[in-house]
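Reviewing the structure listed below.
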Amino acid sequence: MRPQFSGVPAAAANISRDRGSYTPEMFCEDFPQFCNEAMICLVPPAMLEEFVRQACAAIAPDKWTDGWRYCCGLYVAHQSALYLRTYAESSATPAQAAGTGALVGVVKSAALGDSSVSYDTDALTRATADWGDLNATQYGQILASRARLVGMGGTYCL
């Protein structure tokens with residue numbers, strides 16, 4: 001390869017090694033709904049750190065430019081919302097522990113006599129076929145919409 005083209009294939013491949021520097025403190029500032037009145041995050045610290053690490057790896061500042069911080073927050077909010085849906089202080093039985101991970105969809109039908117409710121989980125699973133679990137929260141849906149815009153540019157690999 002000629003010296004003047006050094007680095008061109010890597011740039012054209014649209015692969016980034018740039019890692020973000022989003023922090024749990026930024027998340028609490030940007031998404032206070034995940035904090036209590038004392039501004040202490042409701043997500044356990046170890047889990048919050050993990051979600052922030054994932055966001056820093058997945059949302060590259062050089063690709064997301066001005067929307068980087070917001071999109072990192074959306075990623076962490078999405079993961080936090082999913083985590084908190086399954087959260088329980090403790091479980092008395094294995095069945096209770098397993099129940100915290102049950103998939104709950106949109107209410108499909110309900111009855112009052114003998115209290116019966118059925119859910120349409122197909123709407124969730126069909127919508128997430130291409131985007132993993134991002135359609136499971138509003139934060140994920142916003143992030144997926146923004147990701148489509150960020151990823152609209154073409155790539156070329158040799």
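Only a predicted model underlies this, so the values are computations on that prediction, with no experimental measurement involved.
- Considering only heavy atoms from C-beta on, Gln79 stays 4.5 Å or farther from Val43 through its side chain.
- The salt bridge (charged side-chain N to carboxylate O under 4.0 Å, His left out) contacts involving residues 51-61 comprise Glu50-Arg53, where partners must be two or more places apart or lie in separate chains.
- Annotation: side chain of Glu25 is not in contact with side chain of Cys28 (no heavy-atom distance under 4.5 Å).
- By the side chain to side chain contact (heavy atoms under 4.5 Å, CB included) test, Asp66 pairs with no residue at all, sequence neighbours left out.
- Partners of Ala55 under the side chain to side chain contact (heavy atoms under 4.5 Å, CB included) rule, at least two apart in sequence or in another chain, are Cys72, Tyr75, Val76.
- Atom CD of Gln138 sits in a sparse spot, with 12 or fewer heavy atoms from other residues, nucleotides or ligands closer than 6.0 Å.
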(Q) Run Arg69 and Asp30 through side chain to side chain contact (heavy atoms under 4.5 Å, CB included) and show every step you take. (A) CA-CA 9 Å; Arg69 179 174 171 154; Asp30 298 343; 2.8 Å; yes
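- Thr93 pairs by the side chain to side chain contact (heavy atoms under 4.5 Å, CB included) definition with Ala95, Gln96, not counting sequence neighbours.
- Counting heavy atoms from C-beta on, the side chains of Cys56 and Val52 come closer than 4.5 Å.
- Side-chain atoms of Trp68 come within 3.5 Å of backbone atoms of Ile59 as a donor-acceptor pair (strictly under, hydrogens ignored).
- Contact between His78 and Thr137 at its shortest, heavy atoms only, is ND1-OG1, 2.5 Å.
- Ring geometry, Phe27 versus Phe34: the interplanar angle falls from 30° to 60°, so the pair is classed tilted.
- Cluster annotation: Phe31 and Leu143 are assigned to the same hydrophobic cluster (Ile/Leu/Val/Met/Phe/Trp/Tyr, side-chain heavy-atom contacts under 4.5 Å, transitive).
- When hydrophobic clusters are built by joining Ile, Leu, Val, Met, Phe, Trp and Tyr residues whose side-chain heavy atoms come closer than 4.5 Å, directly or via intermediates, Trp64 is grouped together with Met26.
- Remark: Phe51 engages no residue in a ring-ring contact (aromatic ring centres under 6.0 Å, His included) (not counting sequence neighbours).
- Rounded to the nearest 0.5 Å, atoms CG (Leu42) and SG (Cys35) are 6.5 Å apart.
- For Ile142, the side chain to side chain contact (heavy atoms under 4.5 Å, CB included) criterion is met by Tyr70, Leu74, Arg146, not counting sequence neighbours.
- Aromatic ring orientation, Tyr83 versus Tyr87: tilted (interplanar angle from 30° to 60°).
- In this structure, Glu49 CD and Cys41 SG are separated by 10.5 Å, a value rounded to the nearest 0.5 Å.
- The two residues Ala136 and Arg85 have their closest heavy-atom pair at O-NH2, 2.7 Å.
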